[in-house]
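Since the structure comes first, as structure tokens, the remarks are kept for the end.
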There are 2 protein chains.
Amino acid sequence: MDIRRADAIADELEQLIFSGEFVDGDRLDENKLASRFGVSRTPVREAFQKLSLSGLVKQLPRRGVFVRQPGPVELLEMFEVMAEIEAICGRLAAKRISEAALKTLQEANEECQKAVENSDADAYYRENERFHHLIYQQSGNRFLEQEALRLHKRLKPFRRIQLHLRGRMKQSMAEHKAIVQALVDASPEEAAITLRDHVAVQGEKFHHLMASLKPA
Amino acid sequence: MDIRRADAIADELEQLIFSGEFVDGDRLDENKLASRFGVSRTPVREAFQKLSLSGLVKQLPRRGVFVRQPGPVELLEMFEVMAEIEAICGRLAAKRISEAALKTLQEANEECQKAVENSDADAYYRENERFHHLIYQQSGNRFLEQEALRLHKRLKPFRRIQLHLRGRMKQSMAEHKAIVQALVDASPEEAAITLRDHVAVQGEKFHHLMASLKPA
DNA sequence: ATTGGCATTCTTGTATACAATACACTTGAC
DNA sequence: GTCAAGTGTATTGTATACAAGAATGCCAAT
């Protein structure tokens, strides 16, 4: 086990919420979770603190903690913000990216391409993530990078779903090409726009997907 | 005292760090703070969790928690992000702001003007905050609003300092006018640019201030 | 039958006790 | 005299014990 169990438990709980074991509105029982993880309530409570700050759970005083999954509206809002954040990263990266990083970015993109050809969704997902993280990094603003990573992580489970939509991976690749081109050309506004659209479309796809599932 | 002392302690510690009682690198002693607040270590530790997630302190496992004030570089990065976030709020608000909110915004701005005429820095600070919060709100994106508020709060102690620079309030007012005009005109890009510059200049001013103080 | 009040029980929030690790100081050897 | 190793102390991390508030169920009254 880890040195600091409270942190490990926070991660595990996060996974459990992402995986759907706990859904919106569920109360997280301190005692049950404590015995489940084989620890006392103390580290479980410390984990709750962390989760509540990330927004995954909500603490009602003297009532307990409840998992709080974003609804369709909030999700759309989050994707909108993600799109804008990535646009900022792109705008700054276009001005600041190094030649070496540009090369690495192109490599990551080629790996994406290969994954598309092999219809390997997992590989695509992995390389796509690397692609985006590189752009965050090349914004040259560590604070921005951290914020982007935070939000990216938060949207992870929702982004994954819409990857399996027909033709999405191919379309996404075309968008990547445009993004790389903008960075090569060192045109900040083009990079911002292409990245914004690239992410915004994810939000919209997801929204459509939700809408088509809801009436059922 | 409050019902939930851990939260109250988190707030108090935040204030203590902002006020400068604890400076960068200081170790926060659980026992000392516990007896200082008249509680046990438990609520103090819970408060630490919160603070570490906001980035005000850093937890080294088995070593303790240390206050972590951003250095000049990180501060500049944070202001850069704040500028971009506000630009986004402005762009969206220009499209979505209601007539009523526009009126309220103009009122807040007039209060700012009065404060400038009276050389009332406190009043200016208060109304300026209201002005910006209104724009966050009128972005029509609650999630974005929350994020903007979070960062705004984080930068509070640093923004306050540079308000006392000569002529800053007057210049700031001119910028406010341009922002309001852009929102009235419903021109998203103009709103984005004016807001970005308005905030970015704060970061630069602060940076200059720091630079002029550092050699001492 | 439904509603209001009381009591019981369960859960959260805090305090204290215990365990384990890191730091400091001392002591001894080279 | 300096460095290293070991012991002791202090501090963190976890478990348990206790206190206070909230939820639930039961009983009575309308």
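Just so we're clear, the structure is a prediction, and the values are computed from it rather than from any experiment. Within every chain, numbering begins at 1; the chains are lettered A, B, ... in the order of the sequence lines, protein sequences first and strands thereafter.
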Original post:
Are any of B:R27's side-chain N or O atoms less than 4.0 Å away from OP1 or OP2 of D:dT12?
Top reply: yes

**OP:** Taking atom types as modelled, find out whether A:Q146 and A:Y136 have a side-chain donor-acceptor pair closer than 3.5 angstrom.
**Re:** no

Subject >> B:R62 (side chain) and C:dT21 (base): donor-acceptor pair under 3.5 Å >> reply: no

**OP:** Classify the ring geometry between A:F131 and A:H176 as parallel (under 30°), tilted (30 to 60°) or perpendicular (over 60°).
**Re:** parallel

Original post:
Just how far is it from atom CG of A:L183 to atom CD1 of A:I135, taken to the nearest 0.5 Å?
Top reply: 5.5 Å

**OP:** Figure out the CZ/P separation between A:R63 and C:dT12, and round it to whole Å.
**Re:** 11 Å

**OP:** Assign B:R41 to base, sugar-phosphate, or nothing according to its heavy-atom contacts below 4.0 angstrom with the strands shown.
**Re:** base

**OP:** For A:F48 and C:dT14, give me the distance from atom CZ to atom P, rounded to whole Å.
**Re:** 15 Å

Subject >> Spatial distance of atom NE2 (A:H198) from atom CD (A:E175) [nearest 0.5 Å] >> reply: 5.5 Å

Original post:
What is the distance, rounded to the nearest whole Å, between atom CG of A:N31 and atom P of C:dC10?
Top reply: 11 Å

Subject >> Interatomic distance, A:L33 CG vs D:dA15 C1' [rounded to whole Å] >> reply: 17 Å

**OP:** Please tell me which of the listed nucleotides, D:dA15, C:dG13, C:dA15, lies nearest to the side chain of A:S40?
**Re:** D:dA15

Original post:
Do any side-chain nitrogens or oxygens of B:T42 fall under 4.0 Å of OP1 or OP2 in C:dT14?
Top reply: no

Original post:
Does B:R45 make a side-chain N or O approach to OP1 or OP2 of D:dG13 shorter than 4.0 Å?
Top reply: yes

Subject >> A:E46 CD to C:dT14 P, straight-line distance once rounded to whole Å >> reply: 13 Å

Subject >> Nearest-Å distance for atom pair CG/P, residues A:L28 and C:dC10 >> reply: 20 Å

Original post:
A:L60 CG to C:dT12 P: how many Å, rounded?
Top reply: 11 Å

**OP:** Check the distance between C:dG13's C1' and B:D7's CG and give it to me in whole angstrom.
**Re:** 11 Å

Original post:
Rounded to the nearest 0.5 Å, how far does CE of B:M78 lie from CG of A:N141?
Top reply: 10.0 Å

